[in-house]
Amino acid sequence: AELGRFPWPRAVHAQLVNRLIAAGAKTVAFDILFPEPDKTNLASDAALVAATRRANKKVVHNSFFDKITDGVAFNFSPPLPGLKQDNPFGFANVFMDSDGFVRKIKLQMAYDGQQHSHLSLAAAANFLGRDPAEVAREIPLGRTGSMLLNYAGGYGQFNYLPYHEVLAAEEKDLSEVVKDKLVLVGVTATGLFDHHPQPFSPFFPGVEIQATSMENIIDKMWMREISWAVTLLGVIIWGLGLAFLLPRVTPLLCTVAAPV
């Protein structure tokens, strides 16, 4: 509310980039898409492009695939040419399971003869000072070729800095919070429709999905998917155990156990 109605002029985002980089942020990643010029304020676009270039490849911008079907990507929306030229960027799509929950992230997608990194992979690799493809090769993937997300819990697992407070803070105070950190810029307002269900929360902000993925990659908090063979073996052992125990359970024990 302090900055007016969203979306804000891109010059405001330029101010944010300038402040964060001056305060020592190691990487600034945008979970906000800037795909088309602001024809009503081209100077504002130019300010964001200039701030991104001054940051010397420490800013990672956002792209998006409008449609992904059976692992095939269509309708690519890149950031503005000035934002992607000689700067890292990554697609910010989230991937829902059949029940609508977000449990995994596709780290790379092929489109138009090129491999594109997910925003979380591009940002994490930038923070680590490594090539995204090299980082991706180290990460265990599930059966669908995606990285399983290791959620720490529901909403609020990461430190939040209100946008207007970053712009108004003294550089020394801001530096104490963001120096040598990866700063992810995104939105949490309900009306902006970037919320998804995950195992700990039915209404989870997309920016925290991105943050979870980045944290998993940087800190190597990887989860490994159990193979079908191991799952089947577990079901068989469980079934045999029940078959052995149930005939030996007394009626009294069944009565006591039933409420539990």
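Below, all heavy atoms of this structure are taken into account, side chains as well, without hydrogens, waters or symmetry copies.
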Ring centroid separation Phe91 to His118 under 6.0 Å: yes

What's the shortest heavy-atom distance between [X] and [Y], and which atoms?
{"X": "Ala51", "Y": "Val17", "result": "O-CG1, 3.7 Å"}
{"X": "Gly153", "Y": "Phe204", "result": "O-CE1, 4.1 Å"}
{"X": "Met214", "Y": "Ala29", "result": "CE-CB, 4.2 Å"}
{"X": "Ala125", "Y": "Val135", "result": "CB-CG2, 4.1 Å"}
{"X": "Ser44", "Y": "Ala11", "result": "OG-N, 2.5 Å"}
{"X": "Ser201", "Y": "Gly154", "result": "CB-CA, 4.2 Å"}

Plane angle bin for [Y] and [X] - parallel if under 30°, tilted between 30 and 60°, otherwise perpendicular:
{"X": "Phe89", "Y": "His116", "result": "tilted"}
{"X": "His13", "Y": "Phe6", "result": "perpendicular"}
{"X": "Phe65", "Y": "Phe76", "result": "tilted"}
{"X": "Phe34", "Y": "His61", "result": "perpendicular"}

Cation-pi geometry met for Lys67 and Phe74 (6.0 Å, 45°):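 So Lys67 does make the cation-pi contact.
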
Row check, Phe127 ring normal vs Lys26 NZ/CZ: under 6.0 Å, within 45°: yes

Using side-chain heavy atoms (C-beta onward) and a distance below 4.5 Å, is [X] in contact with [Y]?
{"X": "Asn18", "Y": "Arg54", "answer": "yes"}
{"X": "Asp194", "Y": "Pro205", "answer": "no"}
{"X": "Val207", "Y": "Val187", "answer": "no"}
{"X": "Ile217", "Y": "Met147", "answer": "yes"}
{"X": "Glu171", "Y": "Glu176", "answer": "no"}
{"X": "Arg10", "Y": "Leu80", "answer": "yes"}
{"X": "Glu138", "Y": "Trp222", "answer": "yes"}
{"X": "Tyr160", "Y": "Glu208", "answer": "yes"}

Side chains of Asn126 and Thr27, donor plus acceptor under 3.5 Å: yes

By side-chain contact (heavy atoms from CB on, under 4.5 Å) - contacts of Gln85 (at least two apart): Arg53

Quick one: does any side-chain atom of [X] pair with a main-chain N or O of [Y] as donor and acceptor, under 3.5 Å?
{"X": "Ser120", "Y": "Ser213", "result": "no"}
{"X": "Asp99", "Y": "Phe101", "result": "yes"}
{"X": "Asp131", "Y": "Ala133", "result": "yes"}
{"X": "Asn216", "Y": "Asn150", "result": "yes"}
{"X": "Ser117", "Y": "Ala122", "result": "no"}

Nearest 0.5 Å, please: how far is [atom2] in [Y] from [atom1] in [X]?
{"X": "Leu83", "Y": "Leu48", "atom1": "CG", "atom2": "CG", "answer": "5.0 Å"}
{"X": "Asp45", "Y": "Asp38", "atom1": "CG", "atom2": "CG", "answer": "5.5 Å"}
{"X": "Tyr151", "Y": "Met223", "atom1": "OH", "atom2": "CE", "answer": "10.5 Å"}
{"X": "Leu107", "Y": "Leu119", "atom1": "CG", "atom2": "CG", "answer": "11.5 Å"}
{"X": "Lys106", "Y": "Phe95", "atom1": "NZ", "atom2": "CZ", "answer": "7.5 Å"}
{"X": "Ile105", "Y": "Ile209", "atom1": "CD1", "atom2": "CD1", "answer": "6.5 Å"}

Quick check: is [Y] connected to [X] through a chain of hydrophobic side chains (ILVMFWY, heavy atoms under 4.5 Å apart)?
{"X": "Leu20", "Y": "Leu184", "answer": "no"}
{"X": "Leu3", "Y": "Ile32", "answer": "yes"}
{"X": "Leu16", "Y": "Ile21", "answer": "yes"}
{"X": "Leu128", "Y": "Val183", "answer": "no"}
{"X": "Val49", "Y": "Leu42", "answer": "no"}

Note: Lys220-Glu215 ion pair, threshold 4.0 Å (strictly below): no

Note: Arg103-Asp97 ion pair, threshold 4.0 Å (strictly below):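 Salt bridge present between Arg103 and Asp97.
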
Counting neighbours of [atom1] on [X] that are heavy atoms of other residues, nucleotides or ligands and sit closer than 6.0 Å, is the number greater than 12?
{"X": "Asn159", "atom1": "CG", "result": "no"}
{"X": "Met96", "atom1": "CE", "result": "no"}
{"X": "Glu134", "atom1": "CD", "result": "yes"}
{"X": "Glu170", "atom1": "CD", "result": "no"}

side-chain contact (heavy atoms from CB on, under 4.5 Å) evaluation trace for Tyr163 with Val12: CA-CA 10 Å; Tyr163 207 116; Val12 174; 3.9 Å; yes

Evaluation steps, side-chain contact (heavy atoms from CB on, under 4.5 Å), between Val28 and Lys58: CA-CA 6 Å; Val28 178; Lys58 292 181 179 180; 6.0 Å; no

Chi angles and distances behind the side-chain contact (heavy atoms from CB on, under 4.5 Å) call for Val185, Asp31: CA-CA 6 Å; Val185 183; Asp31 189 22; over 6 Å; no

Residues Ser146, Leu141; criterion side-chain contact (heavy atoms from CB on, under 4.5 Å); working and verdict: CA-CA 5 Å; Ser146 301; Leu141 304 179; 5.9 Å; no

